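Please read these numbers as outputs of a predicted model, since none were measured by experiment. In the text below, chain A, chain B and the rest are named by the order of the sequence lines, each starting its count at 1.
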Amino acid sequence: MAQMNLLQAINNALITAMRADNKVLVLGEDVGHFGGVFRATSHLQEEFGRERCFNTPLVEQGIIGFANGLAAQGCKPVAEIQFGDYIFPAFDQIINETAKFRYRSGGQFDCGGLTIRTPYGGGIAGGHYHSQSPEAFFAHIPGIKVVIPRNPYQAKGLLLSAIREPDPVIFFEPKRLYRAAVGDVPESDYELPLGHADIVQTGSDITLVAWGAQVEIIQEAAQRALGDGISCEVIDLQSILPWDIATVSTSVVKTGRLLINHEAPLTAGFAAEVAAEIQSQCFLSLEAPIMRVCGLDTPYPLVHEKEYMPDALKTYEAIIATMNY
Amino acid sequence: MAQMNLLQAINNALITAMRADNKVLVLGEDVGHFGGVFRATSHLQEEFGRERCFNTPLVEQGIIGFANGLAAQGCKPVAEIQFGDYIFPAFDQIINETAKFRYRSGGQFDCGGLTIRTPYGGGIAGGHYHSQSPEAFFAHIPGIKVVIPRNPYQAKGLLLSAIREPDPVIFFEPKRLYRAAVGDVPESDYELPLGHADIVQTGSDITLVAWGAQVEIIQEAAQRALGDGISCEVIDLQSILPWDIATVSTSVVKTGRLLINHEAPLTAGFAAEVAAEIQSQCFLSLEAPIMRVCGLDTPYPLVHEKEYMPDALKTYEAIIATMNY
Amino acid sequence: MTNINERNHIAHINTTQEVNIISDGLVAIPMLQLLDTNGEYLSHNPSPLTQESALKILYSMHYTRLLDERMVSAQRQGRISFYLACTGEEAAVVASTAALEPVDMIMSQYREQGALVYRGYTTAQFMNQLFSNKLDPNKGRQMPIHYGDKTLNFMTVSSPLGTQIPQAAGYAFGQKYTGEAALTICYFGEGAASEGDFHAGLNMAAVLNCPTIFFCRNNGYAISTPTAEQFAGDGIASRGIGYGVKTIRVDGNDAMAVFAATQAARKIALAESCPVLIEAMTYRLAAHSTSDDPSGYRSADEEVKWQEKDPIARLQKYCIAQSWLDLEHLDAYITQSRAEILAEVKRAEKEDYASIDDLFADVYAVLPKHLDTQKQSLQAHIKKYPEAYPKTARELL
Amino acid sequence: MTNINERNHIAHINTTQEVNIISDGLVAIPMLQLLDTNGEYLSHNPSPLTQESALKILYSMHYTRLLDERMVSAQRQGRISFYLACTGEEAAVVASTAALEPVDMIMSQYREQGALVYRGYTTAQFMNQLFSNKLDPNKGRQMPIHYGDKTLNFMTVSSPLGTQIPQAAGYAFGQKYTGEAALTICYFGEGAASEGDFHAGLNMAAVLNCPTIFFCRNNGYAISTPTAEQFAGDGIASRGIGYGVKTIRVDGNDAMAVFAATQAARKIALAESCPVLIEAMTYRLAAHSTSDDPSGYRSADEEVKWQEKDPIARLQKYCIAQSWLDLEHLDAYITQSRAEILAEVKRAEKEDYASIDDLFADVYAVLPKHLDTQKQSLQAHIKKYPEAYPKTARELL
Ligand SMILES: Cc1ncc(C[n+]2csc(CCOP(=O)(O)OP(=O)(O)O)c2C)c(N)n1
Ligand SMILES: Cc1ncc(C[n+]2csc(CCOP(=O)(O)OP(=O)(O)O)c2C)c(N)n1
Ligand SMILES: [Mg+2]
Ligand SMILES: [Mg+2]
């Protein structure tokens, strides 16, 4: 065990994966000598050489197109997109290529070896273009998996699984926790299963669901609600595609109430999917409408970041409203 | 009034808009002399010249980038993307540019004049890449409007509104109805409001919601359900961003039941948003879980198109299941 | 961190005091031609083609032409839903593939069935794909002409244009990295070369030293769009210079020249670990696809001029002049191929379709729970209404 | 339908019988230089700059340098969250803008504050944007350095790289279409030129005859990535040829040459309705931004060499030699500007923030219902917990 922050855990996962399998290659803008703008790929080029960790030209559609080809050839590329906000030029390569490669060829060819890592989310005064949470777009793409860790331990275990998964994975990293989230991380090689939710805290009155950086927000809200005698069950989805419907619905059958929190804009965000599915599965158990506490339907702002964000206070208010329904 | 099919109505709307305002320009792949692969832009170049209706090189990100600039300059470009499946290379220009142009500049500059037209949807044996229904991706982008007509009359009126709207609009055209949908269309200039749902048929037992080509599917299911004495209220959303929450919730308060149908894959499709919002607004009125009858969570198939599609039979079954809940 | 050397990104550049406008008065890049339209050999060097290789190319071109003719008819008869012919471009495709090794990966656009023919894809295989039956390797999931064969190193076709271009760079990088003595060839049209992915792919291949042959079929049109509305430079070849990519322009209707150019390209690409761009000047004699009617956008006179440059006739004349060709044998081959195609059409259209399992398989390596749920409910539904789902009902009863 | 003329897309191409590999042994495109590093004028032609224009450029460069120094310090002091300096590239930006007319639209990348300085953006305006206060025209919605001013024809900066390149083509098309005697200049870095949007923009501008100046600042780096890992060709200029775009390479540290090149480009672009590409060879003396530390990826020796090519010193030496410059006046200007910047920093940081209305306005032209609902519930929430939302609570109480 070692104390690591989220970035160090990711760096450690990359080193672990690269040592274990020489088909694992790391590519992206500034990931080489410099180690990436957040330093997630520090020292990789030193240890593994330019062949296995290299800078690409500044072209996201090319990074993912190139990585798709590399994966189809049998390598395991880990492609970094510098910010989640800049993944969109690669959207076509992801939705029309990565996700459909295996299906369209009847399993002859696939991009299963591909992992795309990208920092996402707000809270760093980044404005429109260094704050977006685009996970919902990817949750609507059959053929890929979407994973989001909330702490260093998860980050290492989930990233190792993602890299070794036979399916392509998009791995969103909550950038405001890069240095803020610190915890014990095994130095050994370990994997955490994809598609499984993590029950962070058990409770009996209401189920709170989030992923990534928002998990600590709902925990904070749960803490505050405890002061009112409300017992919250806190669930971190960890994967949003596929997501762990069973864990959430079991919880909601027990608590009778559900609240989902995400930073992305409310409309057509992933909370909608969770709400739609759970109201269907748990209809007779629900004692109040499922609540969504989400980002506003505006571009991500700058000075009004606090107002935009689905923070612990807003979550707490929604818990109270749900309890009093 | 004239009998027109959907394509003719769109062509007629473009002519009407171009005659009325010389800032309206049409651009896209093959839209010039040839009139587009579906012939939606037939004769425009003849009447308005190459300056106002022109072919672009084969580059969707460029078409929308160029059109964004043209709109910012004050023109009203109507950009065609040949198939909805090929809109993804332009996704970045749409989400990061079109949608945020006005907001990020504090209203100094905007792309309000832009309309993007694109055929979408299945039922034409088009396989993965000529069948997708990507509307949900766009519904999660604050700053744009998303409109989908179901018949020639709507198509003309909504397209004229879209072109004249001060906000950028994505206009999805149900291609399997291009020639199949025929109806009376006024030859005059008229507009239909965006953001309003159309109650196609009133009923008392269950509300059925769809848009575009699936409206006729839910109508067919409603017809079949009538045989069992079930009275369906059929609503065509027409716009999915912003969407007409009030009309749907009023209906559900009345009927107590809701079913949403779309061709796109179920997970994180737009039905999720409708279900999430309506369960919240109509919680105490709901007598059964909200049902989603949608495409499968697979890429769009070819020989199994019938099996994939949320057809009238599947919809009917879901109506019965909801009624018997 | 390792030491950082001093860099100077302008060291190679001289200065001038004149405002030189580059691109004014540039001379077009010439194209390699070895056979004239009469099949005369124009060079003083020994011909790059042996009898055996010339005949294999010629026969493959004939087969491709025949296949296209038959399948365009089959589409007209409503037997298949869609087809896309290579007519007029057989030399560009077949002769370039002929200059490769079987280990080389082919990433095509969609008009490169001649490459498959050359590599030995059988008539039965073509038909299984075109009829989307249960023997289609794509399991009936893609439209006709979306061929793919792992054993022949032919990547499954994907409709979105240009996406295969950066993929080819990545694939080739992987080949080099894993020590294969093989490269990747990537075919695309001059229309697709307008896509952003073209820019990405060529630049990345150049910077990352990928052994990739980028083979552009400049056939004059992208559906209805003529090259004058596609680009303003000297074709696609002139772009190679901008990327620092070695470039060859070739007469795409001259199989001999295409072979020579591709052979040279392969050698350089592998020896120097670098990409090579080939622009083959040719013409799409066919309609864009069976959904298209070119009379709406181009003149018949123009087509006639290019029919006179027919690539098959050109190589055939050469082979005849060399006394390499047994015309009777060729005739017999054509007759037999036609019969084989007809027979395979009849067989393939009678085959069953892929099973319902195949609707759900391959989305992921292992069927996830939510898809399994959807599958089970679909199966139950079909069992209830078998007559509405004839393709899959039978297997469930 | 109108008549269709016969086309021949290979009419301009000659044939050859040699496998010519283009791009082997190409000579680099030379760069226009009019002043050497000592400010000596190198040409025999009359100088393109008058005293007035030279001094306006020189003063604007000085102001830009000063602003950058002060704001980098302000960021270090925690007064602003982010800054991005133009240091070393002032000539490329200021002198090119100087060669335009005020009606010309400027679309910048983010390192072109010198263009705004030249056009008369005030210190107060800079500070309002940098401090995201309520006078910021962006209403506090974007990070510092995302300037924009409609009256100065300076399009608001957008962070995603390259997106402005096809937009500039479209904007210029609109200018031409609506009969404005104006063009659009589009600035970008050599890194951004790798994006697919660059390819789209240049090709479309060439094909659609858009009066656009594409101005590339090739400053050696894209954050940490040196040009050798960005492209393999002869810089960005060599790409112009591929698009059939007239191209000029210029010494970006020579204000005189940049002015002359841009003047020529503007003339051609408007007279011939066509795009012109300018590649300015320069160097990012600054860190990429205040979030960056270049010592991790480049050597100090290298930086020193480029400090010796300082664009400001070069033009200043020339002006002094011409007896055009009153050094005392310049000193006073610098002193006064520094004081003005300090005063405006102090003012701007005390201004209030934009109101909560501005969080919701401008998403659409008219606030739609669902956003109004969100706004009302946010307002109610803030009223309940004012201490948690100090920026907006006051206005609601
Ligand atoms: C991204 C994308 N945009 C548009 C299309 C529709 N489309 C199919 S083929 C074609 C023309 C391609 O022309 P070219 O690349 O020159 O190839 P050719 O057909 O001439 O062989 C177009 C526009 C597509 N398949 N993919
Ligand atoms: C689409 C996109 N990808 C990545 C980034 C992150 N990023 C910001 S600046 C930069 C480097 C740009 O280099 P260059 O274009 O050469 O301009 P310079 O900074 O040298 O002026 C990168 C990678 C971005 N802003 N947008
Ligand atoms: Mg073509
Ligand atoms: Mg740079």
Side-chain angles (χ1 to χ4, degrees), chain C residues 1 4-7 9-10 12-17 19-24 26 28-34 42-43 194 196-200 203 206-207 218 220 226-227 229-233 237-248 251 260-261 264 281 296-299 301-302, chain D residues 1 4-7 9-10 12-17 19-24 26 28-34 42-43 194 196-200 203 206-207 218 220 226-227 229-233 237-248 251 260-261 264 281 296-299 301-302:
Chain C
M1 214 145 12
I4 310 159
N5 291 330
E6 212 179 304
R7 301 185 184 98
H9 65 298
I10 68 160
H12 65 298
I13 300 172
N14 291 322
T15 61
T16 170
Q17 280 67 54
V19 182
N20 293 317
I21 316 281
I22 320 295
S23 106
D24 276 351
L26 282 178
I29 297 168
M31 68 179 185
L32 176 69
Q33 190 180 71
L34 294 177
L42 300 171
S43 167
S194 293
D197 275 355
F198 166 88
H199 184 62
N203 189 40
V207 173
N218 182 341
T227 58
E229 295 175 35
Q230 193 67 248
F231 52 72
S238 63
R239 294 188 194 156
I241 301 165
Y243 300 113
V245 169
K246 293 174 201 289
T247 299
I248 307 172
D251 181 342
M281 309 309 298
Y297 54 81
R298 71 187 188 189
S299 78
D301 289 352
E302 185 185 306
Chain D
M1 216 146 10
I4 309 158
N5 290 331
E6 211 179 305
R7 300 186 184 98
H9 65 298
I10 68 161
H12 66 297
I13 300 172
N14 292 321
T15 61
T16 170
Q17 281 66 55
V19 182
N20 294 318
I21 317 280
I22 321 295
S23 106
D24 275 354
L26 281 179
I29 297 168
M31 68 180 184
L32 175 68
Q33 190 180 71
L34 295 176
L42 300 170
S43 167
S194 292
D197 275 356
F198 166 88
H199 184 62
N203 189 39
V207 174
N218 182 341
T227 58
E229 295 175 35
Q230 193 66 248
F231 52 73
S238 61
R239 293 187 195 157
I241 301 166
Y243 299 113
V245 169
K246 292 174 202 295
T247 299
I248 307 171
D251 181 343
M281 309 309 297
Y297 54 83
R298 73 187 187 190
S299 77
D301 289 352
E302 184 184 308

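- By number of non-hydrogen pairs under 4.5 angstrom with chain D, the leading residue of C:Arg298, C:His12, C:His199 is C:His199.
- The candidate with the highest count of non-hydrogen atom pairs below 4.5 Å against chain D, out of C:Glu302, C:Arg239, C:Glu229, is C:Glu302.
- With sequence neighbours excluded, the residues satisfying side chain to side chain donor-acceptor pair (under 3.5 Å) with D:Glu6 are C:Lys305.
- In this structure, OH on D:Tyr243 lies 13.5 Å from OG on C:Ser23, to the nearest 0.5 angstrom.
- Contact record, C:Met31 with D:Ile10: CE-CD1, 3.9 Å, taken as the closest heavy-atom pair.
- With a threshold of 4.5 angstrom between heavy atoms, C:Leu26 approaches chain D through side-chain atoms but not through N, CA, C or O.
- In this structure, OG on D:Ser194 lies 4.5 Å from CG on C:Asn203, to the nearest 0.5 angstrom.
- Between chain C and the residues D:Gly220, D:Gly196, D:Ala232, the most heavy-atom pairs under 4.5 angstrom are made by D:Ala232.
- In this structure, the portion of C:Asn5 lying under 4.5 Å from any heavy atom of chain D is its backbone and not its side chain.
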Audit row: C:Ile22, D:Ile241, side chain to side chain contact (heavy atoms under 4.5 Å, CB included) steps and yes/no: CA-CA 7 Å; C:Ile22 320 295; D:Ile241 301 166; 3.8 Å; yes
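- A donor-acceptor contact shorter than 3.5 Å links the side chain of D:Gln17 to the backbone of C:Gln33.
- You'll find the side chain of C:Val19 reaches within 4.5 Å of the side chain of D:Ile248, heavy atoms only.
- Atom CG in D:Asn20 sits 11.5 Å away from atom OG1 in C:Thr247 (nearest 0.5 Å).
- If you take OG1 on D:Thr16 and CD1 on C:Ile29, they are separated by 12.0 Å, rounding to the nearest 0.5 Å.
- The contact between C:Thr227 and chain D is made entirely by side chain atoms (from C-beta outward), counting heavy-atom distances below 4.5 Å.
- Of the listed residues (D:Pro226, D:Ala261, D:Ala206), the one with the most heavy-atom contacts under 4.5 Å to chain C is D:Pro226.
- A donor-acceptor contact shorter than 3.5 Å is absent between the side chain of D:His9 and the backbone of C:Met281.
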